[in-house]
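Proteins come first, then strands; the chains are lettered A, B, ... in the order of their sequence lines, and each starts at number 1.
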Amino acid sequence: MGASDRLERSFFNRPTLLVARELLGKHLVRMLDGQRLSGIITETEAYIGEEDLACHCKAGRTPRTQVMYGQPGLAYVYFTYGKHWLLNFVTEAENSPAAVLIRAIIPTAGLEHIAARRGHQPPARWTDGPGKLCQALEIDGALNAYDLCQPEAVLSIENGAPIPDSSVTTGPRVGLNSVPEPWKSKPWRFLARLPDNS
DNA sequence: AGCACGATTAACT
DNA sequence: GTTAATCGTGCTC
């Protein structure tokens, strides 16, 4: 795949639930020291606006949330639990704060580089969590507010085989233990079951 | 300045 | 299934 397959900003400038759904099956591409690392996105979650009490934007504009008020197609990368980086993509129009969390990918390229960081676990556990995939692809705070739609981007999304609705399941977002209803139970998590999965 | 807590992970019972 | 680890963020005093 070449640069022509890279998603344009218009892809992200749409309702967040639609973006979260359509990101399933797309390729997350990370250029690292001239090497191409990539994986197929299989799990996402939507975080939508200041009213969504699970979204960091419930606090309004702060140094951390500022990027979510920016233009669609930026990366929102934040640190949590004193240990883990989590990767999101900003969605919707500027000043409409929302993002999609990338929760899991299936590695497709650069496996030896991924293994260098995640090889202490079996391959099936290399990128099956939002913190794990950031570790695998060396994604951290240096990429916060990074524009995925710029030329020669070191982090971007490319088109992939579409995932049919019959292979998509939804459910409540993960890890919202103390978030009040109805936000806690909103079915804003999207999972893809790929053909070669069982 | 101090505090409670988190969009998690890995190890342990 | 349960829990420690670990520190930036946002809120209160």
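Atom CD in A:Q66 sits roughly 15 Å away from atom C1' in C:dT9 (whole-Å rounding).
For residues 57-84 of chain A, the set of pairs meeting the salt bridge (charged side-chain N to carboxylate O under 4.0 Å, His left out) definition, not counting sequence neighbours, is empty. Among residue pairs with one or both ends in residues 15-33 of chain A, those qualifying as salt bridge (charged side-chain N to carboxylate O under 4.0 Å, His left out) are A:R14-A:E22, A:R21-A:D165; sequence neighbours excluded. Among pairs with a residue in residues 85-96 of chain A, none fulfils salt bridge (charged side-chain N to carboxylate O under 4.0 Å, His left out), at least two apart in sequence or across chains. Counting only residues at least two apart or on different chains, the salt bridge (charged side-chain N to carboxylate O under 4.0 Å, His left out) pairs with a member in residues 141-150 of chain A are A:R9-A:D147.
Between the A:R193 side chain and the A:S166 main chain, a donor and an acceptor come within less than 3.5 Å of each other.
Applying the ring pair (Phe, Tyr, Trp, His ring centres under 6.0 Å) criterion to A:W183, with sequence neighbours excluded, gives no partner residue. Residues satisfying the ring pair (Phe, Tyr, Trp, His ring centres under 6.0 Å) criterion with A:Y78, sequence neighbours excluded, are A:H56, A:Y76.
In DNA chain B, stems built from 3 or more consecutive Watson-Crick or G-U wobble pairs, each with both distances under 3.5 Å, span B:1-6 with C:7-12, B:8-12 with C:1-5.
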Reading 5' to 3' through nucleotides 4-13 of chain B, protein heavy-atom contacts under 4.0 Å coded B for base, S for sugar-phosphate only, - for none
--BBBSS---
Determine all donor-acceptor pairs shorter than 3.5 Å in which one atom belongs to a side chain in residues 124-138 of chain A; sequence neighbours excluded.
| unit_1 | atom_1 | unit_2 | atom_2 | d |
| --- | --- | --- | --- | --- |
| A:W126 | NE1 | A:R118 | O | 3.0 |
| A:W126 | NE1 | A:Q121 | O | 2.9 |
| A:T127 | OG1 | A:I105 | O | 2.6 |
| A:D128 | OD1 | A:K132 | NZ | 2.8 |
| A:Q135 | OE1 | A:R118 | NH1 | 2.9 |
| A:Q135 | NE2 | A:R117 | O | 3.3 |
| A:E138 | OE1 | A:R117 | NH2 | 2.2 |

